[in-house]
Amino acid sequence: MTTPDSSQSSDFIRTIISEDLRAKKNDGRLVTRFPPEPNGYLHIGHAKSIFLNFGVASEHQGGICNLRFDDTNPSKEDTKYVEAIKEDVKWLGVDWNDRIFYASDYFDTLYNYAILLIKKSKAYVDSLSAEEIRAYRGTLTEPGKNSPWRDRSIEENLTLFERMRAGEFDEGTHVLRTKIDMASLNMNMRDPTLYRIRKVPHHRTGNKWHIYPMYDFTHCLSDSIEGVTHSLCTLEFQDHRPLYDWVLDELGVENHPQQIEFARLNISYTVLSKRVLHELVDRGNVSGWDDPRMPTLHGLRRRGYTAKSIRSFCDRIGVAKRDAVVDMALLEHSAREDLNHHAPRVMAVLRPLRLVIENYPEDQDEELDAPNHPNDETMGIRKIPFSRILYIEQDDFCETPPKKFFRLAPGREVRLRYAYLITCIGVVKDEQSGKIIELRCTYDPTTRGGSAPDGRKVKATVHWVSSIHSLQAEVRLYDHLFTTPTPKITNDGKDFTSNLNPRSLETLQDARVEPSLKSAVPGTHYQFERHAYFCVDRVDSSDNALVFNRTVALRDTWSKAQQTKTKIAGK
RNA sequence: UGGGGGAUCGUCUAAUGGCAGGACGGCAGACUCUGACUCUGUCUAUCAAGGUUCGAAUCCUUGUCCCCCAGCCA
């Protein structure tokens with residue numbers, strides 16, 4: 001079990017649980033569970049549930065939380081998803097110890113419970129087609145009507161159900177349904193289906209079964225079997241709670257957990273629906289479940305989000321019952337907050353502009369000391385090579401600087417970070433295009449390290465790399481996957497993909513990074529100073545082909561001010 | 001127009017009859033060898049209308065708006 005987080009704020013679920021515990025309900029036991037279906041990858045919405053379930057259990061003496069795969073639909077599920085889910089949960093820092101379960105482990109028990117219901121005359125085999133069942137169900141405002149097969153004898157039902165199990169019937173010919181009330185105001189209570197025939201192999205039980213139990217039958221019983229006390233799920237299951245309780249009551253089980261619903265997570269500029277994420281993967285809108293633009297845990301991890309930042313994000317958003325869309329900026333803040341402490345600083349020039357220091361000897365170079373973290377000496381220092389020809393960022397030079405532009409300009413002096421003060425004395429342009437291709441500068445040899453003996457100040461410090469010493473790298477700049485805060489809301493009946501952001505990925509092939517990054521280990525986090533936090537891509541990066549993913553940009557009041565100015569000017 | 005839920009700063013979220021608070025965000029400033037970080041100040045909220053009460057986000061009444069439900073998905 002993970003360590004309790006003492007700073008954990010309370011929420012309505014924790015309040016209920018604390019009260020139950022104080023009242024010695026369930027003999028003072030606390031058992032929760034995280035029940036993913038292995039039909040896709042986990043996303044950050046699942047992280048919310050994981051931290052809620054495992055978190056609340058860890059906060060109480062003796063509390064436990066199970067990891068349980070809800071694997072009742074073999075046509076959609078796969079072992080590869082089971083493995084990916086386990087990896088993600090582990091990555092989040094959650095330890096389920098040996099408490100890993102599968103609903104499919106309960107298939108025999110579930111089958112016997114189904115027989116019990118039949119014997120109690122509370123379930124029957126229906127031979128209507130799927131379409132007919134739908135038609136008989138009625139509508140939201142009209143009651144349904146009983147199936148003609150509803151009054152089969154217990155013996156006939158038993159025989160038919162056994163034959164379903166034995167694989168004697170084709171898919172769709174029969175189902176086992178409860179006998180509740182076709183006129184119920186709650187659609188879920190109109191004789192919901194318990195079992196359907198599926199003639200596909202299951203990733204864990206192989207060909208043993210030809211019938212599979214439905215969620216409403218499986219979930220409550222699995223909870224009960226595992227001794228779960230508090231079954232936490234999302235809001236859309238509120239209407240299912242009467243059925244959850246009905247099944248357990250009818251079967252007279254010993255342990256009857258309490259289902260409590262909370263609002264699922266939504267984040268602006270992305271989608272958190274496994275179905276939709278599946279579509280993005282299948283249609284090739286992204287490179288896969290682990291595309292760094294995806295809100296999946298695999299994607300976020302590859303993008304450079306840390307488990308800790310995701311946890312603090314989940315702590316911050318809280319747990320409540322109202323529908324909400326959390327600002328993506330809050331997630332980004334959580335990333336910066338963690339990375340700021342831990343990511344070593346390095347210099348990288350994303351869009352290089354050649355800079356020649358005329359008074360620096362051609363055949364000379366030297367090494368300068370640079371701290372790995374400006375506010376944390378314990379992270380040490382590294383050497384950075386300096387020479388006559390450097391690269392700086394194109395954005396750090398402006399031939400006709402606007403007001404408040406502090407960076408390099410003709411005749412202006414700035415500091416090269418941890419190096420020297422330089423002054424721009426000339427600009428070389430391409431004769432054809434007029435594009436600036438090189439800057440001519442002089443340096444002040446007395447300013448080695450970056451400060452002037454005479455105490456003079458400069459308004460800006462720019463980062464740089466030495467041209468011959470620097471390394472080429474590919475840099476992937478990621479932006480929001482969608483252009484609108486609520487991607488599922490579209491105009492003119494268009495598909496949600498019409499809101500996909502065409503600029504969600506910009507790849508820079510000619511970035512130059514300092515040589516200390518030579519053997520950067522995949523998955524390592526860095527701050528490219530004055531740019532952003534980056535993560536060495538765990539899939540594509542190697543010693544001879546460095547690839548960096550931008551996790552999240554540094555806050556940038558300068559460019560923000562520029563954008564505001566442009567916007568105002570555009571009006 | 002059935003049933004089940006929900007409405008508090010721009011966004012999340014506290015306050016369970018007693019000062020509407022926190023975080024993100026925005027704005028302004030200080031600091032700065034990252035226009036970062038940090039720090040300071042500041043901005044903005046109880047869905048509406050009635051009622052009960054010394055006192056209401058909270059209790060009552062009547063409305064309004066939003067979400068979910070008609071899978072042999074979970």
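Order of the sequence lines sets the chain letters (A, B, ...), proteins ahead of strands, with each chain counted from 1. All heavy atoms count here, side chains included; hydrogens, waters and symmetry mates do not. Note that the coordinates shown come from a computational prediction; the quantities given were computed from them, not determined experimentally.
Nucleic acid contact class of E529(A) (heavy atoms, under 4.0 Å, all strands): base. Among the protein residues, R415(A) comes within range of the nucleic acid bases, having at least one heavy atom under 4.0 Å from a base atom. Within the nucleic acid shown, R407(A) comes within 4.0 Å of at least one base atom, counting heavy atoms only. Backbone-only contact: T193(A) has heavy atoms under 4.0 Å from sugar-phosphate atoms and none from a base. No engagement by Y212(A) is indicated, since no non-hydrogen atom pair under 4.0 Å with the nucleic acid exists. Residue A320(A) is in sugar-phosphate contact alone, with no base atom involved, counting any heavy-atom pair closer than 4.0 Å across all strands shown. Within 4.0 Å (heavy atoms only), V325(A) reaches sugar-phosphate atoms of the nucleic acid but no base atom. L554(A) comes within contact range of at least one nucleobase, with a heavy-atom separation under 4.0 Å. Among the heavy atoms of the strands, none lies under 4.0 Å from S334(A). Note on I133(A): a base of the nucleic acid sits closer than 4.0 angstrom, heavy atoms only. Within 4.0 Å of S451(A), counting heavy atoms only, lies at least one base atom of the nucleic acid. L330(A) comes within contact range of the sugar-phosphate backbone alone, with a heavy-atom separation under 4.0 Å but no base atom that close. Among the heavy atoms of the strands, none lies under 4.0 Å from L339(A). No contact: V458(A) has no heavy atom under 4.0 Å from any strand.
The side chain of T461(A) lies closest to U34(B), out of A70(B), G71(B), U34(B). Checking A74(B), G26(B), U34(B) against every side-chain atom of K560(A), the shortest atom distance belongs to G26(B). Closest contact between the side chain of R198(A) and the listed nucleotides U34(B), G26(B), C72(B) involves C72(B). In the set C12(B), G35(B), G6(B), G6(B) carries the atom at the smallest distance from any side-chain atom of R322(A). Ranking G5(B), C69(B), U13(B) by closeness to the D323(A) side chain, first place goes to G5(B). Listed nucleotides: G35(B), A74(B), G25(B). Nearest to the side chain of F406(A): G35(B). Of the candidate nucleotides C72(B), U34(B), U13(B), U34(B) has the atom lying nearest to any side-chain atom of R417(A). For D239(A), counting side-chain heavy atoms from C-beta on, the closest listed nucleotide (A36(B), C69(B), C72(B)) is C69(B). Taking every side-chain heavy atom of V175(A) into account, C72(B) is the closest of C72(B), C68(B), G35(B). Each of U13(B), G35(B), A36(B) was ranked by its minimum atom distance to the side chain of K404(A); first place goes to G35(B).
In this structure, CG of D181(A) is placed 14 Å from C1' of G2(B), rounded to the nearest angstrom. Whole-Å rounding puts the D327(A) CG to C12(B) P distance at 9 Å. Between D191(A) atom CG and A70(B) atom P the separation is 16 Å, expressed in whole Å. In this structure, F262(A) places its CZ atom 12 Å from P of U13(B), rounding to the nearest Å. Taking atom CD of E514(A) as the reference point, atom C1' of U34(B) lies 13 Å away to the nearest angstrom. Rounded to whole Å, the distance from OH on Y136(A) to P on C72(B) is 15 Å. For L185(A) and U1(B), the CG to C1' distance is 13 Å, given to the nearest whole Å.
For C37(B), one of the phosphate oxygens OP1 or OP2 lies less than 4.0 angstrom from a side-chain nitrogen or oxygen of R555(A). The side chain of R316(A) contributes no N or O atom lying less than 4.0 Å from OP1 or OP2 of U13(B). Here T139(A) does not reach the OP1 or OP2 of G2(B): none of its side-chain N or O atoms lies under 4.0 Å away.
Judged purely by distance below 3.5 Å, without hydrogens or angles, the side chains of D191(A) and T178(A) never pair a donor atom with an acceptor atom. Between the side chains of Q259(A) and E261(A), at least one donor N or O lies within less than 3.5 Å of an accepting N or O. Donor-acceptor pairing under 3.5 Å is lacking for the side chains of T15(A) and S18(A). Between the side chains of S559(A) and Q562(A), not a single donor N or O lies within less than 3.5 Å of an accepting N or O. Under the 3.5 Å distance criterion, with hydrogens and angles disregarded, no donor-acceptor pair is assigned to the side chains of H333(A) and R555(A). For the residue pair R152(A) and S127(A), a side-chain donor N or O sits within less than 3.5 Å of a side-chain acceptor on the partner.
In this structure U42(B) sits in a base pair with G26(B), meeting the Watson-Crick or G-U test at under 3.5 Å. Using the Watson-Crick or G-U wobble rule with both distances under 3.5 Å, G2(B) pairs with C69(B). Using N1 to N3 plus N6-O4 or O6-N4 for Watson-Crick, or N1-O2 and O6-N3 for G-U wobble, each under 3.5 Å, A7(B) pairs with U64(B). Nucleotide A74(B) has no partner under the Watson-Crick or G-U criteria, as no pair reaches both atom distances under 3.5 Å. Remark: A15(B) base-pairs with no nucleotide; criterion is Watson-Crick or G-U wobble with both hydrogen-bond distances under 3.5 Å. Checking U52(B) for Watson-Crick or G-U wobble geometry (two distances, each under 3.5 Å) identifies no partner in any strand. The partner of G35(B) cannot be assigned: no Watson-Crick or G-U wobble pair with both contacts below 3.5 Å exists in any strand.
Where L416(A) and N375(A) meet RNA chain B, the nucleotide closest to each residue was compared, and L416(A) sits on the side nearer the 5' end. Annotation: of the two residues near RNA chain B, D556(A) and E77(A), the 5′-most nearest-nucleotide partner is D556(A).
Under the 4.5 Å side-chain criterion, counting only non-hydrogen atoms from C-beta, L221(A) is in contact with L248(A).
Counting distance only, with no hydrogens placed and no angle test, the side-chain atoms of H240(A) and the base atoms of A74(B) include a donor-acceptor pair under 3.5 Å. A donor-acceptor contact under 3.5 angstrom links the side-chain atoms of R345(A) to the base of U34(B).
Using a 4.0 Å cut-off between a side-chain N of Lys or Arg and a carboxylate O of Asp or Glu, D556(A) and R530(A) do not qualify as a salt bridge.
A glycosidic torsion no more than 90° from 0 defines the syn conformation; G21(B) lies beyond that range and is anti.
Remark: ring of W558(A) overlaps the six-membered base ring of G35(B) in a stacked fashion, centroids less than 5.5 Å apart, planes less than 30° apart.
In this structure, R345(A) fails the cation-pi test against Y526(A), since its NZ or CZ atom is not both closer than 6.0 Å to the six-membered ring centre and inside 45 degrees of the ring normal.
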